[in-house]
Student: 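Structure below; questions to follow.
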Protein chains: 2
Amino acid sequence: MAYETALTVLADPTRRQVFERLRHGPCPVHAIAKGMPVSRPAVSQHLKVLKDAGLVEERSEGARRIYSLRREGLAELRDWLDSFWDDALLAFKIEAERTHRHAKGQGDGE
Amino acid sequence: MAYETALTVLADPTRRQVFERLRHGPCPVHAIAKGMPVSRPAVSQHLKVLKDAGLVEERSEGARRIYSLRREGLAELRDWLDSFWDDALLAFKIEAERTHRHAKGQGDGE
DNA sequence: CCGTTTCGTAAGCCATGACTTACCGTAAGG
DNA sequence: CCTTACGGTAAGTCATGGCTTACGAAACGG
């Protein structure tokens with residue numbers, strides 16, 4: 001799953017709350033919904049989105065669906081963030097070069 | 001700035017595009033807007049949001065405002081992501097304990 | 001000085017998506 | 001069986017927020 005998906009999905013506060021609720025460990029839907037400011041169907045909808053994004057996984061246990069965290073779903077987002085630090089040095093180098101030949105006239109880029 | 005802010009702000013595709021545009025280096029507004037699917041005012045609005053979130057910074061240079069990346073703005077989000085890996089071991093340990101005394105009756109949590 | 005470039009802000013429109021209630025299956029249990 | 005717990009899905013409402021056009025203000029250039 002692309003980092004864009006994780007970003008979009010985790011942007012919603014309620015959905016993030018659902019997600020964080022699963023840090024403690026696997027949990028059935030009704031238990032997640034309890035202590036949450038929204039209705040149970042709303043939680044179900046959030047869980048579906050989280051599952052489609054690969055951020056949680058679901059297993060059936062009789063009548064209940066037990067949801068649990070999928071930390072690998074965060075991997076791509078983490079990598080994306082890391083990539084910014086990677087090219088920090090690169091950007092610095094480029095800017096240093098530019099400064100050297102103090103090109104002022106066409107410095108706007110693009 | 002809290003990680004929630006970075007998450008919310010970077011969730012929008014267009015705004016993310018603006019943000020990524022600055023990876024190459026500082027850039028005035030009109031240059032960012034060029035080659036973007038939206039109008040210049042839209043870009044300005046995105047830049048304001050990004051600035052308020054501490055993800056970019058702005059410096060005046062004559063009539064133009066030069067925007068540049070602020071990688072520190074991503075730090076909290078990175079830490080938040082990292083924290084999930086931190087408690088992965090912890091959760092594993094807890095679950096292991098639970099399995100040991102095979103507590104079945106009150107396993108639902110909460 | 002007047003026109004042009006650069007940019008921010010205001011107002012208004014409209015699509016997206018989060019939430020609700022209502023309903024329908026399935027499993028457990030008397 | 002019939003009832004109750006559990007949970008997914010549908011339909012409809014409504015607020016959030018991203019986009020546009022229009023305008024105003026500051027610097028630059030002839």
Side-chain angles (χ1 to χ4, degrees), chain A residues 4-22 25-68 104-110, chain B residues 1 4-22 25-53 55-68 104-110:
Chain A
E4 292 98 330
T5 310
L7 224 35
T8 308
V9 163
L10 291 175
D12 183 75
T14 309
R15 193 154 45 220
R16 210 162 44 226
Q17 200 176 339
V18 170
F19 188 62
E20 298 228 38
R21 176 65 173 78
L22 295 173
C27 204
V29 178
H30 70 100
I32 301 177
K34 177 172 303 191
M36 193 122 330
V38 298
S39 69
R40 184 198 47 78
V43 173
S44 261
Q45 287 161 7
H46 282 305
L47 283 169
K48 175 174 176 43
V49 174
L50 285 167
K51 192 175 117 190
D52 289 347
L55 290 169
V56 303
E57 56 191 357
E58 177 239 311
R59 124 184 79 99
S60 279
E61 188 168 296
R64 11 203 168 160
R65 316 292 175 82
I66 311 293
Y67 284 87
S68 50
K104 176 176 164 286
Q106 62 260 13
D108 274 8
E110 219 71 343
Chain B
M1 211 58 52
E4 292 98 331
T5 309
L7 225 34
T8 307
V9 164
L10 291 176
D12 182 77
T14 308
R15 192 153 46 220
R16 210 163 43 225
Q17 199 177 339
V18 171
F19 187 62
E20 298 229 38
R21 176 64 173 78
L22 295 174
C27 205
V29 179
H30 70 99
I32 302 177
K34 177 170 300 191
M36 191 119 342
V38 296
S39 69
R40 185 199 49 78
V43 172
S44 260
Q45 287 160 8
H46 283 304
L47 283 168
K48 174 174 176 45
V49 174
L50 286 166
K51 190 175 120 192
D52 289 346
L55 290 169
V56 303
E57 56 190 359
E58 178 239 310
R59 128 184 75 99
S60 278
E61 188 167 295
R64 11 209 167 152
R65 316 293 174 79
I66 311 293
Y67 284 88
S68 50
K104 174 177 166 286
Q106 62 264 10
D108 273 8
E110 219 74 336

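Quick note on labels: first sequence line is chain A, next is B, and so on, each numbered from 1.
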Student: How far does OG of B:S44 sit from NZ of B:K51, to the nearest 0.5 angstrom?
Tutor: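 If I round to the nearest 0.5 Å, the distance is 10.5 Å.
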Student: With the side chain counted from C-beta on, respond yes when B:D52 and B:V9 share a heavy-atom pair under 4.5 Å apart, and no when they do not.
Tutor: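 No, every pair of side-chain atoms sits at 4.5 Å or beyond.
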Student: Looking at every strand, decide which applies to A:R15 at a 4.0 Å heavy-atom threshold: base, sugar-phosphate, or nothing.
Tutor: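 Touches sugar-phosphate only.
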Student: Which nucleotide in the set C:dC19, D:dG8, D:dC19 lies at the smallest distance from any side-chain heavy atom of A:V29?
Tutor: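 Of C:dC19, D:dG8, D:dC19, D:dG8 is nearest to the side chain of A:V29.
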Student: Between D:dA27, C:dA22, D:dG7, which one does the side chain of A:P28 approach most closely?
Tutor: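 From the listed options, D:dG7 comes nearest.
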Student: I want to confirm an ordering. Mapping B:E58 and A:S39 to their closest nucleotides on DNA chain C, which one lands closer to the 5' end?
Tutor: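 Of the two residues, B:E58 wins.
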Student: Has the side chain of A:R65 got a donor or acceptor that lies under 3.5 Å from a partner of the other kind on the base of D:dG7?
Tutor: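 No pair found.
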Student: Consider the side chain of A:Q45, meaning its heavy atoms from C-beta on, and name the nucleotide among C:dC7, C:dA11, C:dC19 that approaches it most closely.
Tutor: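 When the side chain of A:Q45 is considered, C:dC19 is the closest of C:dC7, C:dA11, C:dC19.
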Student: To the nearest 0.5 Å, what is the distance between CG on A:L50 and CG on A:D12?
Tutor: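 Rounded to the nearest 0.5 Å, the CG-CG separation comes to 9.5 Å.
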Student: Among the candidates C:dA18, C:dA27, D:dT21, find the nucleotide nearest to the side-chain atoms of A:D12.
Tutor: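 So the nucleotide nearest the side chain must be C:dA18.
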Student: If I take atom CE in residue A:M36 and atom P in nucleotide C:dA18, what distance separates them, rounded to the nearest angstrom?
Tutor: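 So the CE-P distance, A:M36 to C:dA18, works out to 15 Å.
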Student: Can you tell me the distance, in whole Å, between the CZ atom of A:R59 and the C1' atom of D:dC6?
Tutor: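 Going from A:R59 (CZ) to D:dC6 (C1'), I get 16 Å.
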Student: Side chain of B:S44 only, heavy atoms from C-beta on: which candidate in D:dG8, C:dG8, D:dG7 is closest?
Tutor: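 Given the options D:dG8, C:dG8, D:dG7, the side chain of B:S44 is closest to C:dG8.
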Student: Where the side chain of B:R40 is defined as all heavy atoms beyond and including C-beta, which of D:dG18, C:dC7, D:dT9 is the nearest nucleotide?
Tutor: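 It is C:dC7.
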Student: Side chain of B:R64: nearest nucleotide among C:dA22, D:dT21, C:dC7?
Tutor: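 From the listed options, C:dC7 comes nearest.
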Student: Name the one of A:L22, A:V49, A:V18 that satisfies side-chain contact (heavy atoms from CB on, under 4.5 Å) with A:V56?
Tutor: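 Result: among A:L22, A:V49, A:V18, A:L22 is the only option passing the side-chain contact (heavy atoms from CB on, under 4.5 Å) with A:V56.
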Student: Is it true that A:R59 and A:E61 make a salt bridge, defined as a side-chain N closer than 4.0 Å to a carboxylate O?
Tutor: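 Looking at A:R59 and A:E61, the cut-off is met.
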Student: For A:L7 and C:dG17, what is the distance between atoms CG and P respectively, to the nearest whole Å?
Tutor: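 From A:L7 CG to C:dG17 P: 14 Å.
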Student: DNA chain C: A:P37 or B:V43, which has the more 5' nearest nucleotide?
Tutor: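 Its nucleotide being nearer the 5' end, the pick is B:V43.
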Student: Could you state the atom-to-atom distance from NZ of B:K48 to P of D:dG17 in whole Å?
Tutor: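 To the nearest whole Å, that distance equals 14 Å.
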Student: Can you tell me the distance, in whole Å, between the NE2 atom of B:H30 and the P atom of D:dA27?
Tutor: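 About 16 Å, once rounded to whole Å.
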